[in-house]
Q: 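Structure below; questions to follow.
Not measured: the values here are computed from a predicted model. In what follows, chains carry the letters A, B, and so on, assigned in the order in which the sequence lines appear, proteins first and then strands, with residues in each chain numbered from 1.
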Amino acid sequence: MRYWLMKSEPDEFSIDALAKKKVEPWNGVRNYQARNFMRDGMKVGDGVLFYHSNCDEPGVVGIARIASAAYPDPTQFDAASDYYDAASTREEPRWLMVDVAFERKLRRTVTLAELKTHGELEDLALVKRGNRLSVMPVAKSEWDFILALE
DNA sequence: GCCAACGTTGGC
DNA sequence: GCCAACGTTGGC
C-alpha cells in the first residue's frame, strides 16, 4: 500500500465537502507528472493526505482513500468545462482521474508552516522550493510522522 | 531543439 | 494583491 498527498482549494472542494459526498471523482488534474502518479502508482485502498491549498491556513486537514483505478476524466471532453482540452480525444484520452473516498478529518490542521519545521519531512515534495504538484507520493515514514503531529 | 513569452500555482 | 517558481506554447 502506498501513500499520497492531494491538494485541493477549500473554496473549490474542501475536506468537509468530501465528508458530505463520501466519494468524489478527482477531476481537473492537468499536469503530466500528477497524472502519471494516478495512472502508474495509485491502487484502490492507498492512503491520501487531503491538503488545503491557496487559503488562509494551508495544511493537511484529513485522510482519504483511493477508491478507484485511474480512468478518463470526462471534463476534458466537455467544451463548457474549465478543464476542457480540445487536443484530447475519447480514443486516446490525455487526462485521467481517480475516485477518492473520505476517511476522516484530522483533529486539527497540520499546517504547511509546521511541516516545514521538521527535518524528517525535508524530502517531501510539498515542502520543496517552488513545488506546485497537486498530487505527490508520500513515504510511509512521512505519513506516520505527519499523522503523529495531529 | 532552443528559448523567450506567457499563464498558472500557491504561499505570503 | 504580489510575485517567485515552474510548466507550456510557439516562433524560429
Q: Is the phosphate of B:dT9 approached by A:K7 (side-chain N or O, under 4.0 Å from OP1 or OP2)?
A: no
Q: Toward the 5' end of DNA chain C, which comes first, A:Q33 or A:N54, by nearest nucleotide?
A: A:N54
Q: Is the shortest distance from a Lys or Arg side-chain nitrogen in A:E150 or A:R104 to a carboxylate oxygen in the other one below 4.0 Å?
A: yes
Q: Check this for me: does any side-chain nitrogen of one of A:K20 and A:D16 sit under 4.0 Å from a carboxylate oxygen of the other?
A: no
Q: Check every atom of B:dG10, C:dA5, C:dG7 against the side chain of A:R129 and return the nucleotide holding the closest atom.
A: C:dA5
Q: Under 4.0 Å between a side-chain N/O of A:Y51 and OP1 or OP2 of B:dG11, yes or no?
A: yes
Q: Can you measure A:D85 atom CG to C:dT8 atom C1' for me and round it to whole angstrom units?
A: 12 Å
Q: Rounding to an integer number of Å, can you tell me how far A:N131 CG sits from B:dT8 C1'?
A: 14 Å
Q: What's A:K128 touching, base or sugar-phosphate or nothing? Going by heavy atoms closer than 4.0 Å.
A: nothing
Q: How are the rings of A:Y32 and A:W95 set relative to one another: parallel (under 30°), tilted (30 to 60°) or perpendicular (over 60°)?
A: tilted
Q: Would you mind reading off the distance between A:M6 atom CE and B:dT9 atom P, rounded to a whole angstrom?
A: 16 Å
Q: Please tell me if A:R132 has a side-chain N or O lying less than 4.0 Å from either OP1 or OP2 of C:dG7.
A: no
Q: Please determine whether a side-chain nitrogen of the Lys or Arg among A:D85 and A:R94 lies less than 4.0 Å from a carboxylate oxygen of the Asp or Glu.
A: yes
Q: What's the OH-C1' distance between A:Y32 and C:dT9, to the nearest Å?
A: 12 Å
Q: Rounded to whole Å, how long is the line connecting atom CG of A:L126 with atom C1' of C:dA5?
A: 15 Å
Q: Separation of A:N31 atom CG from C:dT8 atom P, in whole Å?
A: 6 Å
Q: To the nearest angstrom, how far is A:M136 atom CE from B:dG10 atom C1'?
A: 11 Å
Q: Any non-hydrogen side-chain atom of A:H52 less than 4.5 Å from a side-chain atom of A:T109?
A: no
Q: Rounded to whole Å, how long is the line connecting atom CD of A:E12 with atom C1' of B:dT8?
A: 14 Å
